Chemist: 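Just passing along the structure, written as structure tokens.
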Number of protein chains: 2
Amino acid sequence: MKTPVLPAFPRPEGMTTHDYAFARLRQAIMVGAFRPGTSITIRGLADALESSPTPVREALRQLTSIGALQFLENRRIVVPRITPARFEELISLRIALESHAARRAVAHLSDRQIDRIVALDDAIETAIAAGEKAEALIANQEFHRRIYMGNPDQVAMPLIESIWLQLGPILGIAMEHVAELYVIDRHREAIEALRRRDEDAAAEAIAADIREGIGGFDHEAVGKLLALAG
Amino acid sequence: MKTPVLPAFPRPEGMTTHDYAFARLRQAIMVGAFRPGTSITIRGLADALESSPTPVREALRQLTSIGALQFLENRRIVVPRITPARFEELISLRIALESHAARRAVAHLSDRQIDRIVALDDAIETAIAAGEKAEALIANQEFHRRIYMGNPDQVAMPLIESIWLQLGPILGIAMEHVAELYVIDRHREAIEALRRRDEDAAAEAIAADIREGIGGFDHEAVGKLLALAG
DNA sequence: TTTCAGAAATTGTGATCACAAAAGTAGATT
DNA sequence: AATCTACTTTTGTGATCACAATTTCTGAAA
């Protein structure tokens with residue numbers, strides 16, 4: 001497999017080459033632009049980004065630290081492959097982390113912040129109705145992120161995003177092979193819990209949202225998806 | 001503050017310069033060798049390791065990805081400072097992550113593996129009795145790691161170690177200012193739970209171990225420790 | 001057709017250098 | 001003594017190059 005094409009990504013001025021490479025790759029992996037097993041080369045990326053190996057290598061190294069990429073023994077760089085068992089572990093960890101983060105955020109969220117979260121949920125439904133899967137996915141991530149980030153001393157978000165990155169590749173496959181995203185809407189439930197400042201209910205709503213969403217794929221379904229991807 | 005002295009660390013042959021720098025720094029931070037706020041320079045480290053900026057910069061970048069270091073706006077590299085609130089978040093996240101990991105490991109641990117874990121617990125007590133704080137700390141980490149790693153598809157360990165790294169600096173301060181490590185021994189309790197294959201009890205024992213160990217520092221105690229460190 | 005050895009191309013690694021930004025220093029001015 | 005300015009030093013950034021390991025390609029032999 002060759003180095004895949006990167007989705008466009010505007011470069012903010014003042015951003016270092018390294019940071020740009022990192023942000024762009026990270027985004028690409030998180031939204032499922034890469035297949036599991038895809039191999040990546042430093043020089044290939046450097047050419048694509050019109051830069052040189054040094055900053056690109058740093059970006060790739062950072063991505064391996066957070067589980068988004070993998071340096072093999074033979075020094076090849078690949079998007080990690082997923083097994084059904086590993087998938088299950090990731091989902092159960094996601095539930096543990098995110099219900100924890102939701103619980104710890106409840107007390108900090110103002111009504112104004114909750115309003116913005118509601119707006120994001122509307123954006124998700126708009127995107128789904130329009131059949132824009134990628135947009136819906138990004139909006140969904142933003143919905144979750146906005147909740148957890150309500151906690152100002154929050155330290156779980158980077159870990160949660162690490163899990164999202166590890167799920168990205170299989171998510172990309174799922175998006176291609178599933179006719180439409182049928183999002184079981186636990187979001188309303190979560191929002192109601194936030195408004196009531198009910199920590200237990202918020203944590204449970206988030207857990208259910210994950211469990212019934214991407215977590216809904218069972219052992220067999222994941223196996224089929226992976227087989228489809230080669 | 002200057003770049004601090006690194007604890008010795010033998011370099012396995014065949015290990016790349018980058019990997020060596022990463023492993024050595026990581027270890028140093030995890031065992032509390034650095035104070036919060038300590039600044040680090042690429043060239044300083046390169047000299048200390050008798051190498052060049054390129055591999056060192058990669059190592060530092062990786063360490064920032066897992067929260068062990070921080071690149072400031074002005075491009076300075078520092079060991080992150082901790083606030084009491086952040087400390088509390090880290091502890092509560094540690095409890096959530098590790099009790100989850102313990103629970104998911106129980107079913108996979110063989111009696112033989114549990115025996116080895118018991119041996120590690122003995123090593124901890126030996127180190128404590130001898131007043132060797134650093135050794136006790138490392139053995140304690142190894143005790144926890146060995147439990148969680150029993151799960152072959154485990155994905156939580158890197159995240160847990162990320163938390164350990166973020167707690168490392170304050171742990172170093174605590175070790176200097178606490179007369180002796182008084183480890184409330186929930187380890188026996190955890191081991192018993194493992195032997196009974198009791199997931200709930202194992203998770204709870206680990207949670208209690210953390211809560212009554214490093215988690216025992218309250219808001220005020222953490223503030224004092226940080227004040228001592230400047 | 002398959003297999004295997006050797007050449008060629010590709011790729012990660014790490015040292016070096018030029019550059020720009022930031023920090024630190026020294027001296028003059030108020 | 002305090003403050004500001006100009007100069008020097010330090011520091012992160014990124015491009016380049018040589019090197020070694022790996023992979024890929026090529027062609028001959030079975």
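Since the structure is predicted, the reported quantities are computational estimates derived from the model, not experimental observations. Chain identifiers are assigned alphabetically (A, B, ...) following the order of the sequence lines, protein sequences preceding nucleic acid strands; residue numbering begins at 1 within each chain.
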Chemist: Identify, between Arg43(A) and Pro55(A), the residue whose nearest nucleotide on DNA chain D lies closer to the 5' end.
Modeler: Pro55(A)
Chemist: Please answer whether the main-chain N or O of Pro158(B) pairs with a side-chain N or O of Ser162(B) as donor and acceptor at a distance below 3.5 Å.
Modeler: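 Absent.
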Chemist: What's Thr16(A) touching, base or sugar-phosphate or nothing? Going by heavy atoms closer than 4.0 Å.
Modeler: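 Sugar-phosphate, backbone atoms only, no base.
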Chemist: Side chain of Gln113(B), backbone of Ser110(B): donor and acceptor closer than 3.5 Å?
Modeler: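 Checking the backbone N and O of Ser110(B) against the side chain of Gln113(B), a donor-acceptor pair under 3.5 Å is found.
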Chemist: Anything under 3.5 Å between a donor and an acceptor, one on a side chain of residues 63-77 of chain A, the other on a protein residue two or more places apart or in another chain? List them.
Modeler:
from, atom 1, to, atom 2, distance (Å)
Thr64(A), OG1, Arg61(A), O, 2.5
Ser65(A), OG, Gln62(B), NE2, 2.9
Asn74(A), OD1, Arg76(A), N, 3.2

Chemist: Using whole Å, report how far CZ of Phe22(B) lies from P of dG14(C).
Modeler: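 Whole-Å distance recorded here is 14 Å.
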Chemist: Can you list the steps and then say if His144(B) with Asp209(B) is a side chain to side chain contact (heavy atoms under 4.5 Å, CB included)?
Modeler: CA-CA 10 Å; His144(B) 283 256; Asp209(B) 182 56; 3.0 Å; yes
Chemist: Going by heavy atoms in the side chains, are Arg11(A) and Thr17(A) under 4.5 Å from each other?
Modeler: yes
Chemist: What's the CE-C1' distance between Met15(B) and dA21(D), to the nearest Å?
Modeler: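 Distance, rounded to whole Å: 18 Å.
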Chemist: For the side chain of Pro53(B), counting heavy atoms from C-beta on, which of dT16(C), dT13(C), dT23(D) is nearest?
Modeler: dT16(C)
Chemist: Any N or O donor-acceptor pair linking the side chain of Arg57(B) to the base of dG14(D) at under 3.5 Å?
Modeler: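 Side chain to base: pair found, below 3.5 Å.
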Chemist: Send over the distance from Ile77(B) CD1 to dT13(D) P, rounded to a whole Å.
Modeler: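 Ile77(B) atom CD1 is separated from dT13(D) atom P by 7 Å.
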Chemist: Of Ser52(A) and Arg76(A), whose nearest nucleotide on DNA chain D comes first from the 5' end?
Modeler: Ser52(A)
Chemist: Please report the distance, rounded to the nearest Å, between CG in Asp47(A) and P in dT10(C).
Modeler: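 Interatomic distance, CG of Asp47(A) to P of dT10(C): 12 Å.
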Chemist: Are OP1 or OP2 of dA21(C) and a side-chain N or O of Asn74(B) less than 4.0 angstrom apart?
Modeler: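 Asn74(B) to dA21(C) OP1/OP2: no side-chain N or O under 4.0 Å.
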Chemist: Nearest whole angstrom, please: distance from the P of dA21(C) to the CD1 of Ile42(B).
Modeler: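 Result: 17 Å.
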Chemist: From CD of Glu58(A) over to C1' of dT13(C), roughly how many Å is that when rounded to an integer?
Modeler: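 The answer, rounded to whole Å, is 13 Å.
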Chemist: Does Ser51(A) make a side-chain N or O approach to OP1 or OP2 of dG14(D) shorter than 4.0 Å?
Modeler: no
Chemist: Rounded off to whole Å, could you give me the CG-to-C1' distance for the Leu49(B) and dG14(C) pair?
Modeler: 13 Å
Chemist: Which part of the nucleic acid, if any, lies within reach of Arg75(A) when heavy atoms closer than 4.0 Å are counted: base, sugar-phosphate only, or nothing?
Modeler: sugar-phosphate
Chemist: Ignoring hydrogens and angles, are the base of dT16(D) and the side chain of Thr54(A) linked by a donor-acceptor pair under 3.5 Å?
Modeler: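 Flag set: donor-acceptor pair detected.
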Chemist: Could you tell me how far apart Glu73(B) (CD) and dT13(D) (P) are, to the nearest whole angstrom?
Modeler: 12 Å
